[in-house]
Visitor: 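Before I ask anything, let me first share the structure, which is written out below as structure tokens.
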Amino acid sequence: MTLGMEILEGLNPAQQQAVETVDGPLLIIAGPGSGKTRVITHRIAYLVRVRDVLPYRIAAVTFTNKAAREMKDRLQRLVGTLSDALTVGTFHSFCAQLLRRDGAHVGISPNYTIFDADDQLTLIKQAMELAEIDPKHFPPQAVRSTISKAKSVLLDSHAFARNQQNYFEERCARVYHHYEELLARNNAADFDDLLMRSVQLLQENQEVREKYQERYHYLMVDEFQDTNVAQYRLARLLAEERHNICVVGDPDQSIYSWRSADIRNILSFQHDYSDATTISLEQNYRSTGKILAAAKQLISANGIRLNKDLFTDNDQGKPVTIHEAYDEGEEASYVIDEIARLVREEKLQRGDCAVMYRVNAQSRALEEACLHRGMKYRLVGGVRFYQRREVKDLMCYLRLLHNPLDEVSLARVIGVPPRGIGAKTLRDMADWAQRENIPLYTTMQRLATLHASGETLPVSLTSRAVNAITDFVEMIDRLVDFASKLPVVDLIDRVLEDAKLEQYFKRDEGDLEGGRGEERWENIRELRTTAQEFNAEEPPNGLATLLERLSLVADVDGYEESGESITLITLHQAKGLEFPVVFIVGLEEGLLPHSRSMESEEELEEERRLCYVGITRAQKLLYMLRAFRRGFMGRNGPTLASRFLRDIPQELMSPAHPRDKEIAQGVLSGGGTQDTLATPAPRTISRRIKDSADAWETVSSPAPARLALNLGDLVRHTVFGEGVVTGWEPDAGDVQVTVEFRDGVGVKRLLLSFAPLEKIEE
DNA sequence: TCCTCATAACTTTTT
DNA sequence: GTTATGAGGA
């Protein structure tokens, strides 16, 4: 028993307890930076090395690929090659493999295709047509998300139809029914199916259920607060035999409820396993005292939460740097310049710095600033690799070869490159296939055979179309044959060659678009490189694993942890990561919190948690930025400071920003975003009393002035140039406006009725 | 059948 | 500022 006890070294008492509590259900509430991953990995190492559990009997499920990869790496270091036999993966990849092996029992054959959100939408549209429901009245996207939500709570089309609550759901139920049939006909599963059908399989098939229950003696679930009903049910099914289930989570970091994650799973866990041990990890090893204090203060504004008492022994550190920029361009420049300064003066590496934002679109300005200043950056996520057109094109070829029933891929591939088979021909063939109840591709094969033997065709098609179909079928048949014989990379090369894709992808459309074709080809090469990983597998398997990887792993990029590049990342994706220096940009009402999440208190609390996640990523330095103006779907508009900035105590900020506080409090309590200075509605604003940091007095609205201005308006001053209105306050019957001028002129306070100001219209 | 051009409609967050 | 759709012409 003494062997391997070093596994417990360096762990605090709570962590040690979590590692050693291996029998029976265990709930670990892990605050940010509390060594969660460390505990999970050491717990597995403890099982393997101290308790002599076969690695084969242990499964750890995570939420993201990144988390799975990190866990694998750490386990490799802890237990060496023993880690190879561990099951470590995301829920989705676990299920994908489960279905590949045993899906036949629920009507899914091993070569099934995984449909992504785009494919799903294509199929939903088809289903709506079959259900005769007008996509103008019912947006396919909305239908898709309704069906997706239904699946995440394990409602199949029949159960959903019984549960419908309103007219929209009644319509959705009809679509759902057809959609389910179409998936079956395509031998395909969507993301939600991976979970739902796996649960179905385990529930309905005793043999399969027992196989997995007997195999896994220990189960661990990471990021438990982000699991949905289906995922939780799956975990319970797997752990039913021995109840050795350990779930780790932090309700304060639950940021995926929009994807049907259900924090109530934590409560359910305590209910379902009434003998569960609960352990809280509250010591933070990651952040400075001030950063942690800011985070705690922010999150305490949320109503519904389990109270934790986070603390740290780390240094207090520096206050949170607040910067208010003119617009997103200036915001980005500030960030990049500041990083350059940190690298120069504080001996930091560029790789130590991360910039986080709410929506992907915000990365643009940052990228431009990086390019402009020669700052290397790594963009995480963004337009996902497999979503790029050419990548998806090639993928669809491969999917079709693997699963000829996949008509979504077939329909796409048939026009890449254009080969004279257009929408009309496709539709005619599909209609005929439908009538004969034969798969589309089989139909095409038949047409080709009939044509070759000179017989008359049962469909009226031009001879040009029939020739094109014959050629196409010949090519695909040949490639399907190769798919079962050639290593996957060679197969890809054959596809590229036979389908004449190289010249198609490389073609430079447009005149000035130099290099677009090269870029496309580069992406294809990258896909080919990824395929090399699977080249050694027996022919059809290599293709299968490649396709699975491409469907389930969002970013193919190598995730090089090079110290040379800064990281640009969304707040969602940043969860689970940490950086010495973190910049959070776009702290504005409507962005963070996002305008689509401001309807309800629950949504707002989730936005706050998202902000909390961002703050708690920072180890040493934290910057929070906002811009007074932000480009927003084409046009530029004024912004308001995020309410989250107000939640952070001034004494933790640098500089403390009373002005910001004024804007937030004054305007928000007034209720409108369009506060016109000239015609203020009767209301009160808060104003800081001179020279006393925390005293506020209430004053009444100013008298109307001659110039109508909004906060955020662009103005021109005859001397100071252009600037933006960032604040205002009443001043002896007049209005004093605060204007932040560009080009280093700085902030000026001006009397509205005297200052030579004019408003610049957009 | 395929391509070009115009316009509309929109963008959270991800497996 | 983008990307998805549609009309019209080659």
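These numbers come from a predicted model, not from an experiment. Here is how names work: the chains are called A, B, and so on, in the same order as the sequence lines, proteins then strands, and each is numbered from 1.
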Visitor: Remember a base hit wins even if backbone is also touched, and classify A:T425 as base, sugar-phosphate or nothing at under 4.0 Å, heavy atoms.
Guide: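 If one applies the 4.0 Å heavy-atom cut-off, A:T425 turns out to touch the sugar-phosphate alone, with no base involved.
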Visitor: Can you list the residues that meet the side chain to side chain donor-acceptor pair (under 3.5 Å) rule with A:T90, with sequence neighbours excluded?
Guide: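 Result, side chain to side chain donor-acceptor pair (under 3.5 Å) vs A:T90: A:S93.
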Visitor: Which of these nucleotides, B:dT13, B:dT11, B:dC2, is closest to any side-chain atom of A:T570?
Guide: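 Within the option list, the nearest is B:dT13.
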Visitor: Between B:dC2 atom P and A:I414 atom CD1, what is the distance in whole Å?
Guide: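 Result: 10 Å.
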Visitor: Rounded to whole Å, please give me the gap between CG in A:D119 and C1' in B:dT14.
Guide: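 Computing the A:D119:CG to B:dT14:C1' distance gives 16 Å.
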Visitor: Taking side chain to side chain donor-acceptor pair (under 3.5 Å) as the definition, give me every residue that meets it alongside A:S597, ordered by chain and number, with sequence neighbours left out.
Guide: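 Checked A:S597 against side chain to side chain donor-acceptor pair (under 3.5 Å); matches are A:E607.
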Visitor: Return whichever of A:S93 or A:G420 has its heavy-atom-nearest nucleotide of DNA chain B closer to the 5' end.
Guide: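 The residue mapped nearer the 5' terminus is A:G420.
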Visitor: Does A:D192 use its side chain to pair, donor to acceptor, with the backbone of A:K151 at less than 3.5 Å?
Guide: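 No: the side chain of A:D192 does not pair with the backbone of A:K151.
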Visitor: Could you run through nucleotides 2-10 of chain C and give me one letter per nucleotide, 5' to 3': B if any protein heavy atom sits under 4.0 Å from the base, S if only the sugar-phosphate is that close, - if neither?
Guide: S--S-----
Visitor: Kindly indicate, with the supporting measurements, whether the criterion side chain to side chain donor-acceptor pair (under 3.5 Å) is fulfilled by A:D102 and A:Y212.
Guide: CA-CA 11 Å; A:D102 298 296; A:Y212 287 95; 2.8 Å; yes
Visitor: Between B:dT1, B:dT15, B:dT13, which nucleotide has the shortest distance from any of its atoms to the side chain of A:R464?
Guide: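 Of the candidates, B:dT1 comes closest.
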Visitor: If the cut-off is 4.0 Å, is A:N360 near the phosphate of B:dT11, judged by side-chain N/O to OP1 or OP2?
Guide: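 For B:dT11, neither OP1 nor OP2 has a side-chain N or O of A:N360 closer than 4.0 Å.
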Visitor: Can you check the A:K149 NZ to B:dT13 C1' distance for me, whole Å?
Guide: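 For the pair A:K149 NZ and B:dT13 C1', the rounded distance is 12 Å.
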Visitor: What's the closest nucleotide to the A:P418 side chain, out of B:dC3, B:dT15, B:dT13?
Guide: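 Of all the options, the side chain of A:P418 is nearest to B:dC3.
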Visitor: Name every residue in residues 250-265 of chain A that has at least one heavy atom under 4.0 Å from any atom of DNA chain B, in order of residue number, or write none if there are no such residues.
Guide: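 Going residue by residue through residues 250-265 of chain A, the ones with a heavy atom under 4.0 Å of DNA chain B turn out to be A:Y256, A:W258, A:R259.
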Visitor: Got a sec: does the CD of A:E533 have more than 12 other heavy atoms crowding it under 6.0 Å?
Guide: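 Yes, the 6.0 Å shell around CD holds more than 12 heavy atoms from other groups.
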Visitor: Between B:dT15 and A:N228, is there an OP1 or OP2 to side-chain N/O distance shorter than 4.0 Å?
Guide: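 No, no such contact exists.
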Visitor: Taking the side chain of A:F191 as heavy atoms from C-beta outward, which of B:dT11, B:dT15, B:dT1 is closest to it?
Guide: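 So the side chain of A:F191 is nearest to B:dT15.
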Visitor: Measure across A:R100 and A:A544 and return the closest heavy-atom pair with its distance rounded to 0.1 Å.
Guide: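 Looks like NH1-CB, 3.6 Å.
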Visitor: Does any non-hydrogen side-chain atom of A:T425 lie less than 4.5 Å from one of A:I469?
Guide: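 Yes, their side chains come closer than 4.5 Å.
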Visitor: A:L552 has an atom CG; how far is it from atom P of B:dT14, in whole Å?
Guide: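 Those two atoms, CG and P, are 16 Å apart.
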Visitor: With sequence neighbours excluded, tell me which residues meet ring pair (Phe, Tyr, Trp, His ring centres under 6.0 Å) with A:Y256.
Guide: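 Here the qualifying residues are A:F63, A:W258, A:H572.
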Visitor: Check whether any side-chain N or O of A:Q573 sits under 4.0 Å from OP1 or OP2 of B:dT14, and answer yes or no.
Guide: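 Yes.
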Visitor: For a quick check of understanding: with a heavy-atom distance under 4.0 Å over all strands, which category does A:R609 fall into, base, sugar-phosphate or nothing?
Guide: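 If one applies the 4.0 Å heavy-atom cut-off, A:R609 turns out to touch nothing in the nucleic acid.
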Visitor: For A:R233, check side chain to side chain donor-acceptor pair (under 3.5 Å) against everything at least two apart and list the hits.
Guide: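 If we apply the side chain to side chain donor-acceptor pair (under 3.5 Å) test to A:R233, skipping adjacent residues, there are no hits.
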Visitor: Both A:I421 and A:L610 contact DNA chain B. Which one's nearest nucleotide lies toward the 5' end?
Guide: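 Final value for this comparison: A:I421.
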Visitor: Check whether A:Q200 reaches the backbone of A:V106 with its side chain - one donor and one acceptor, N or O, closer than 3.5 Å.
Guide: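 No: the side chain of A:Q200 does not pair with the backbone of A:V106.
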Visitor: Starting from C1' on B:dT15, measure out to CZ on A:F115 and report it in whole angstrom.
Guide: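 Roughly 17 Å, once rounded to whole Å.
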Visitor: Just the rounded figure in Å: distance from P of B:dT15 to CG of A:D116.
Guide: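 Taking CG of A:D116 and P of B:dT15, I get 12 Å after rounding.
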Visitor: Report the distance from atom CZ of A:F63 to atom P of B:dT15, rounded to the nearest whole Å.
Guide: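 Interatomic distance, CZ of A:F63 to P of B:dT15: 8 Å.
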Visitor: Nearest whole Å is fine: how far is B:dT13 C1' from A:K575 NZ?
Guide: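 In whole Å, B:dT13 C1' lies 11 Å from A:K575 NZ.
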